[in-house]
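Everything below concerns the one structure shown next.
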Amino acid sequence: MSGALRVEPASGGDAPAIAALCRDEIEAGFAWQWRAGAIARLMSRPDTELAVARIPGGTLAGFGALELGSDDGELILFGVDPRFRRRGVGTAVLEFLAAEATHAGLESLWLHVRVRNAAAVNFYERLGFRIRDHLDGHYGGHEDAFRMQRRLAETPEEPIEVPDLGALLRGS
């Protein structure tokens with residue numbers, strides 16, 4: 001499906017479809033907060049990238065919203081219409097946002113995912129995310145979350161020791 005799929009920045013007309021996916025897939029079991037107006041406001045923020053995936057004919061198949069920080073980005077919303085899951089839509093959206101984050105000079109992407117959503121955890125791990133924290137009651141005080149990170153640029157966590165080449169050549 002990825003050949004027929006188009007990933008691009010979201011437009012104002014996408015807000016109702018994104019809001020419906022948020023209600024049905026992301027916020028299921030919770031109060032609906034990401035309505036069309038909130039999505040439109042999110043799109044207008046200069047520190048946020050919102051991308052959509054469309055199949056031929058223009059149907060919205062998935063989306064992702066990335067909040068850009070000074071060093072890291074946070075995937076604050078991400079959803080794929082159940083009819084299009086396991087067909088490359090989520091991967092295409094996430095890689096589009098990762099490329100945007102890399103272009104912006106960010107070092108890492110972060111996200112939160114429900115602990116009980118094993119399919120999502122496995123999906124994110126396949127795309128290079130690693131579990132960094134377990135957050136008790138993160139979702140409404142009732143459901144735990146994992147906080148996951150994907151490093152975009154390979155930056156050493158500890159300084160690299162550079163050998164003294166002169167000493168090596170002198171045999172010291």
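Quick note: residue numbers are just sequence positions, from 1. Because only heavy atoms are used, hydrogens play no part in the values below, and waters and symmetry mates are left out as well, while side chains stay in.
Proximity of a side-chain donor or acceptor of Thr59 to a complementary backbone N or O of Ile55 within less than 3.5 Å is not detected. In terms of modelled atom types and a separation under 3.5 Å, the side chain of Glu27 and the main chain of Trp34 share a donor-acceptor contact. Not one N or O on the side chain of Arg6 forms a donor-acceptor pair closer than 3.5 Å with the backbone of Ala53. The backbone N or O of Ala10 lies less than 3.5 Å from no partner atom in the side chain of Asp14, so there is not a single donor-acceptor pair. Under a 3.5 Å cut-off, the side chain of Arg150 and the backbone N or O of Leu127 do form a donor-acceptor pair. Looking at Ser44, its side chain does come within 3.5 Å of a backbone N or O of Arg41 through a donor-acceptor pair.
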From CA spacing to verdict: side chain to side chain contact (heavy atoms under 4.5 Å, CB included), Glu125, Met148: CA-CA 9 Å; Glu125 285 180 330; Met148 300 181 78; 3.6 Å; yes
Test side chain to side chain contact (heavy atoms under 4.5 Å, CB included) applied to Val52 and Val7, step by step: CA-CA 6 Å; Val52 294; Val7 180; over 6 Å; no
Step-by-step side chain to side chain contact (heavy atoms under 4.5 Å, CB included) determination, Leu75 to Leu109: CA-CA 7 Å; Leu75 188 65; Leu109 295 180; over 6 Å; no
Stepwise side chain to side chain contact (heavy atoms under 4.5 Å, CB included) test for Leu68 and Leu106: CA-CA 8 Å; Leu68 306 170; Leu106 301 185; 3.6 Å; yes
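Enclosure of atom CZ in Arg86 is not indicated, since only 12 or fewer non-hydrogen atoms of other residues, nucleotides or ligands lie within 6.0 angstrom.
When only modelled atom types and interatomic distance are considered, Arg132 and Gln149 share a side-chain donor-acceptor pair under 3.5 Å. If you check the side chains of His134 and Asp136, you find a donor sitting under 3.5 Å from an acceptor.
The cluster map of Ile, Leu, Val, Met, Phe, Trp and Tyr, joined by side-chain heavy atoms under 4.5 Å apart, puts Met43 and Phe63 in the same cluster. Each of Ile18 and Val80 belongs to its own hydrophobic cluster when Ile, Leu, Val, Met, Phe, Trp and Tyr are linked at side-chain heavy-atom distances under 4.5 angstrom. If you chain together hydrophobic residues whose side chains sit under 4.5 Å apart, Val93 and Val113 fall into the same group. Under the 4.5 Å side-chain heavy-atom criterion for ILVMFWY residues, no single connected hydrophobic cluster contains both Leu135 and Val115.
For Ala15 against Ala40, the heavy-atom pair with the smallest separation is CB-N, 4.2 Å. The two atoms that bring Arg83 and Arg87 nearest to each other are O-NH1, 3.2 Å, heavy atoms only. Residues Leu97 and Ala51 share a closest heavy-atom pair of CD2-CB, 3.9 Å. Closest non-hydrogen pair, Ala19 versus Ala36, comes out as CB-N, 3.4 Å.
Contact annotation: the side chain of Arg54 approaches that of Glu8 to within less than 4.5 Å [non-hydrogen atoms, C-beta and beyond]. Residues Glu49 and Pro9 fail the side-chain proximity criterion, which asks for heavy atoms closer than 4.5 Å. Side-chain contact between Glu67 and Ile76 is present, with heavy atoms from C-beta onward closer than 4.5 Å.
Distance check, rounded to the nearest 0.5 Å: CG of Leu21 to CZ of Phe78 gives 11.0 Å. Note: Arg130 CZ to Arg151 CZ = 11.5 Å, rounded to the nearest 0.5 Å. Of the inter-residue distances, the one linking Gln33 atom CD with Cys22 atom SG reads 10.5 Å to the nearest 0.5 angstrom. The CD atom of Glu74 lies 12.0 Å from the CG atom of Asp47; values are rounded to the nearest 0.5 Å. Note that CG of Leu77 is 7.5 Å distant from CG of Leu50, once rounded to the nearest 0.5 Å. The line from CG of Leu66 to CG of Asp72 is 10.5 Å long, rounded to the nearest 0.5 Å.
Cation-pi geometry between Arg147 and Trp110 is met: under 6.0 angstrom from the ring centre, within 45 degrees of the axis.
Residues Phe146 and His112 place their aromatic rings such that the two centres sit no closer than 6.0 Å.
Annotation: ring pair (Phe, Tyr, Trp, His ring centres under 6.0 Å) contacts of Phe129 (sequence neighbours excluded): Tyr124. Contacts of Phe96 classified as ring pair (Phe, Tyr, Trp, His ring centres under 6.0 Å), with partners at least two apart in sequence or in another chain: none.
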